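Only heavy atoms go into these numbers, but all of them, side chains included; no hydrogens, no water, no symmetry mates. All chains are named by letter (A, B, ...) in the order of the sequence lines, taking the proteins before the strands, and each is independently numbered beginning at 1. For clarity, every value in this text was computed on a predicted model and none was experimentally measured.
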Amino acid sequence: MADYNYHRPDIVGQEWVPIVDAAYQPDITLERGYAFAATQTGAPLVLNRGIFYVQAVPPGVTTSQVPFVSVYPKGTEVPIGAVMRTVIPCSGASNSGPNGGYTGDLSGFAALQNPSDGSGFAFGLGTASTTANGTLDLAFDVSAAQFTGFTNARIFNVSFIYAANGNGVRSATYPNYILTSIRYKSTDVYFGNGVLEGGVSTRGDLTTALGRISLGEINPNWSLATYQGSADRYPWTEPKMQLWDEGSADPMRFRFNWQIDTTGPTADEPSLMYAALEVTWAPYDNRTAYGGRQMGLDQNVSGLEPYYSTGDNFVILRTAGTLTTGTGLKINTGEYVVTSNLADLGDMNQALLGINAAASTNTRPTFNAIRELYQEPPIQGVEIDRVLTLDDQFAIRDSRIIPAVGISVTGAAAANRVYSGCHGYASQTQGTAFVLGTTSQVFQSVNQDGSLPYPWVRFYARLASGAAAGRIRFADNVSANNTYVEISGTDLLALPEIVDGWREVTLRFTSPSNVPVMDGSTTSRTWVWSIQGVATDEFETSYEILAAASATQLQDANYETSSNDASIPFGRAPFADTTFLFSTDPPAVTGLAVVPSSFPVTGIGTECNVTPACIPSTVPYNRITWSVPNFGTSIQDTFDRNLTSSWGNANTGEAWTNVSGSASDYSVTGSAGVHTHTAVNVGHHSIIGPTTVRDFEAYAELQWPGVVPTGAAFELAIIGRYTNTSNYYYFRTRWTETDLLEVAIVKVVAGVFTQLGSSVFNPQNFPNGGSVNGVVSMRAQAQGSMLRVKVWDESVGAEPVAWTIITSDTALTAGQVGLRSELISGNTNTLPVAFRFPTFIVTPVTTGFGYYELQRSDLDTDWETILQVTSPGVTGFNDLEARITMQSNYRIRQVNVHEFVGPWSATVSATLPSPAVSLSGTGHELLVFTANANQSGSRALAYEEVWEGNPESSFTYFEGDNMVQFQRMYQRNFQVGFHPLERGGAQFTRTLLVQNAAVSPPILENGFRSLRDLAWQDYDYICVRTDVGDRWYAAVEVPEGTIRRSRRLQLVQVRITEVSDTPTIMNVSPSFTANP
Amino acid sequence: MTSDTGLPLTENERDDYFDYTIRGLRSASFTFNLVEVITGYDAGTITPISNSAPTLSHDVTRAVKRTLTLTLGVADTAKFDEIKHRVDVAMVLGDGRTFPLGRYMPVSFSRVPTTAGDMSSVALADELFVVSQPTVASFSAALIPGNAYTDDGVGRTNVFDVVNTFLDQYLLFNPTNYVGALTSGSTAVTTTATQRGVERDIAFTNYVSSGSWQAGTNGTTVLADLSVSGDYFTPWMSNDRHFRMIRTFNPADVVPTFDFDDQQNVIRDSITRTNDLLDAPNQIVVVSNAGNADNRNSEIVGRYEVPATAPHSVARRGFVVASVQDLQITTRAQANAIARSIAVNQRTTERVELSTPPDPRHDGYDVIRFDGVLWLEVSWSMALTEGGQMRHVLQRIYQ
């Protein structure tokens, strides 16, 4: 089963939410699918079938449909290069029968290579009204030189294109026909079109425009078996296309077979003037495997046609291009995309032999699919738009509609049971809770992180019938455990509706209930949804709980063990899982501190060494900092220095310590750290960072030496929780002497090495994994007792979502991080051998982390969120919007990926002082212009206000600007005032002193530019503050500037209009903490 | 990764430039780029006079859905060649993102001579204007290569293929050699790389057509007829300059594209609600007039009755107000689908008009949640000035 619990151990349960059924009719224009991870620890996975899930079979008789399943390596769904077309001229023609012959100057295939030369082939009239006929077979020079780029192409369409003239007027008595078919090994597969084939209706003149008979994308002769012998269908491939060659040993031909009666005038004799094959293709077929299956009536097949059935249907998968099955169809560890669609059959089965493939009688089935509420990383839906124009490329886009399609592998219990890494749910279903019944689900934690309390639970519910009476109770069915939560029906309806009445219910286990503890063991607990607080005869009120199901057992439809399907009243869905999850409390954030800080402000014209008067000295702000959670750390090193016998310090300042081997084995080249090995079986360790690191996420680029391993493997690794060479974890990759790439997590405790998990890659699909100087990208993660690692090749694709290995261990709890290499004992490479490490980055763990939420309050404002930072490596923030000379308070908490909140930190406080003003006495009134969006303070400004005569500050309030409407009412004295709920905000105008110096600024207007530039920034607002605690989130307009006293006094007028009373919630990147 | 568990469920990702009133300031502008239609060369930008209130309108009831009006200054008028130039419009946000708003061609060009040179007023329409011209030859679905015959001997072709074949006739849509989906098409038109055609995004349909149209019929009339036959909404040119035809749907059954209740971006005092409940039909009847229909022995009639929950339903109103359509159709299933389609397309029962700030994500047939229910957006009109208003007309259909 796909990983529906990606964020364990922070969250356990079903994270994937099947919010709406999204069943659809497949067609030939769109492939729908999703990404899945294939993992292996032993023998390679061998693909068997493609499975798709039919919700409803077509209501009409199915005619010639080919449902098709494709498997792509993830990230390569789009063919390389643009779509191209190649026209292959006719290179062979032979005719037989008593009639027909070449017209014009040329004969044979030469007569069919140019539509304008007057030469062609005439389909002769019969000598007797019922017997006249003949055949014409055409070959095409597919192997010609101009077609060589076609190797490994993805062929989208093959068409026969032609020009014809004459008249195919039918006789009233005897039908005429010109059948068109592909002939291969004495078998004809018929294709028709509206021009050349005989119909039963009156037809017009054959056209002289080029016509086309589409042979579609399916090759009817994909194997030596005849078309009629199998329902399996596969696309055109380059090797099979060569059967069109004139010299092919197994020739495939395009055949005309005609009968035209004698009653027509000779002048109406139809003629073929031009013939060619047109192939539409892209340079490379990226698919790993594919398969199609003929469904329904087919004029070319009798007695063998399968039909759609409700539930699971299948195709036989074969390797793309070579069309092999069995062990030749193995796939390696990695991420893939599986899609389904209907294949293009072209003009096959048009009205030739009484079979009508018209769409009106050839309705399509309905395939199962579910629309997810939000995307979980391991389940990524995709849509591939197959409608292409020439020179265009496939269009691929993310989709939240996840179709019920998958692959099966050999050796599975049932051929149609999809592979355990695939998505297994087909439709939404609902559990019911009412007075006569409950819904329950056995749940077994897989948190893999020891015993953890989970005080939060979330599920999705709706009122199904009756009044919103009573309460929904979610409880452990063992009453002695005393673990439950409840929500009343009215509270449920007060929650925002998502769709179809569904509401997201998030509850916390509070006293007198116990908090559930999940320990990742095999112990299962049964959770029950029941209704409380209604009389036993109140049947009307019922609630439903969201669940997902397989209509039949497409797969073990659950996210834990193989036997814990939900128990739902009425037997609504036997293979279903309710959607619910538990969450831990995100840990408290520690180390919160605030320090009043400031950015300096200078006047203009200062280069003259004259201090301008009345210029504020600073723009004040609060600097808030906190600690990295869970004893994590942030380290970055790109080794952009040159050192010998040392690794020096990382970019972020931490010192490297090298252990084992000699000092000269360790060097830095300006682009990589280097371990040089002069002996085998000597592990080299480079260690860095605090000795207390518990949870970390480390990324490293690991580069192999410039030689191939002989005798024994090369090893490269990331180290974690290191205390000494006898105690640490390492996450290793090995390039073996047999050219395999092995990945493993190993613990070393008291000098004893124990492998905790491993996986094997085939380097053929991992180009840099096993190549000299190749670079392997690795990410290792330790979170509590959970250990994860993944490796990938950047030259093949981006970082995969799925982890290669997940395991757990409790032996080591803290230590340093680092890098390791070794020549494994038995290695026979010529010494020395050097390993390189181009990049090493360590951050706090990101899996499960949602964001830090920072709030601010002061005397005038309640707690408001000002920051939601989604990177756990960020540990600081500049608040440029705190009130000046008024105490501001801050608190912070962590929120996890599903918005479950942790406890607030202790509150810290600070008061920003008013900036000093140069060369001035008392009585200043300042305006300070900033925005938290400008963290560097480069746009921060402060000015002193200026008055002519008596100081006066006036404000305009828009509530007085006709926002109150007065109406005179019948039978009522006075007037009634009506005003909206929305407030209007304030507006005021001030004159600010920009320059008051004895010198003239170098550029006259520059004094106003800073303020005008700030006003025109793309910020949510400009925060305007006074030095006595006022604050407005405002739009700033600078309508006027005045220059007096021989250009030495500059005044600017600003109009401040309040546009919000809520601060913007910022998100900042880690670079702000590195360079605050 | 932050979980997107936000409510409610919409197709669009949230965007604080459009969806939140928490943003107190928003900055944006519009660009107008000239493109030389034959060669595809970029002919530079023009800067229309902004205080003349350039307006872009989209109305699904029109054959050519979009119109644009511009006023050009002297330099732009001199630069603008109304015969060969097209105008690509886009909205540019303060954060640098650009949202295309389609390509437009002049349909009316008025010059205003001044002593400084000519100024001009230009009316433009989207490129379906090319198709809206009278056709030069008759067009018959029955004669399309690859069609299918039934026992009456009349060829019929999938409407999907008919639409594609019809569009193949226009240079605008070439090169459009369809892969997979299209099983017919002419190779007679020579195209070059610079004559890149409009891309098509046409949903698949099962329904067939045997219709034919005389020379001189407007191309958009053909497409409108095929839209009915194929259970499509009428086509439009989308923001990304694709020709789009989507199957009809019930707005009440889909995930909305926008949620005005949640996004809080409706401008105060801009809302009006009307309805035509008193004269709205509560039963649509589609009768086939095709003599060669599949089931000639029995009458082909499709009916669609608005559900009893609708305020104008037969159950509530007490009598039938019927709308009868006479069409060439071949099966009862198609007749029923068309009846439903007509109900969705043409029979408004409740309508709301409101204004929001300009939002370039609106395209065609968007579904919007407003005041707790789902509406189909049938037209919008956007002032191409930041700070202007975008007027939306939404309709709600009882089914």
Side-chain angles (χ1 to χ4, degrees), chain A residues 19-20 27-29 83 85 156-157 161 193-195 199-201 204 209-212 214 217 280 344 346-347 350-351 356-360 363-364 371 373-374 377 386-392 496-499 504 850-851 870 897-899 980 982 1018-1021 1033 1035 1059-1060 1062 1064, chain B residues 1-5 7-9 16 21-25 27 93-95 142-150 153-158 160 175-188 191 193 196-197 199-208 255 262 268 294 330-331 333-334:
Chain A
I19 196 66
V20 182
D27 61 54
I28 57 180
T29 66
V83 173
R85 262 207 182 137
F156 303 113
N157 180 271
I161 56 174
N193 85 340
V195 177
V200 291
S201 65
L210 286 182
R212 176 185 281 106
S214 173
E217 64 180 317
T280 307
D344 174 21
D347 295 334
Q350 298 299 340
N356 177 20
S360 61
T363 51
R364 294 162 290 158
R371 189 191 196 283
L373 177 60
Y374 53 83
R386 284 160 43 91
V387 179
L388 291 172
T389 56
L390 207 58
D391 297 329
D392 202 355
E497 178 187 355
I498 304 171
V499 67
E504 185 175 274
Y851 53 86
T870 53
V897 71
H898 285 308
E899 307 268 348
E982 299 87 354
D1018 184 44
Y1019 297 154
D1020 288 4
Y1021 52 75
Y1033 304 124
V1059 294
S1060 176
T1062 310
T1064 289
Chain B
M1 166 254 185
T2 300
S3 167
D4 176 21
T5 53
L7 304 174
L9 188 62
D16 67 357
T21 54
I22 193 171
R23 191 179 176 92
L25 281 174
S27 55
L93 301 184
D95 63 1
L143 296 180
I144 292 173
N147 68 10
Y149 294 89
T150 49
V154 175
R156 296 184 179 82
T157 302
N158 187 311
F160 178 86
T176 50
N177 301 297
Y178 274 73
V179 175
L182 187 65
T183 56
S184 63
S186 169
T187 59
T191 58
R196 292 298 302 275
E199 292 188 19
R200 310 172 204 187
D201 193 348
I202 305 172
F204 193 75
T205 181
N206 268 357
Y207 297 119
V208 296
V255 175
D262 176 63
R268 248 182 268 166
D294 278 352
T330 54
T331 67
Q334 189 174 10

Run the side chain to side chain contact (heavy atoms under 4.5 Å, CB included) check on Phe160(B) and Thr29(A) step by step: do they pass? CA-CA 11 Å; Phe160(B) 178 86; Thr29(A) 66; 3.7 Å; yes
Where do Ile28(A) and Phe204(B) land on the side chain to side chain contact (heavy atoms under 4.5 Å, CB included) test, with the steps shown first? CA-CA 8 Å; Ile28(A) 57 180; Phe204(B) 193 75; 4.1 Å; yes
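Both the backbone and the side chain of Arg364(A) come within less than 4.5 Å of a heavy atom of chain B. For Tyr1019(A), the part lying near chain B is the backbone, with the side chain staying farther off; criterion is any non-hydrogen pair under 4.5 Å.
Taking CG of Leu93(B) as the reference point, atom CG of Asp1018(A) lies at 8.0 Å (rounded to 0.5 Å).
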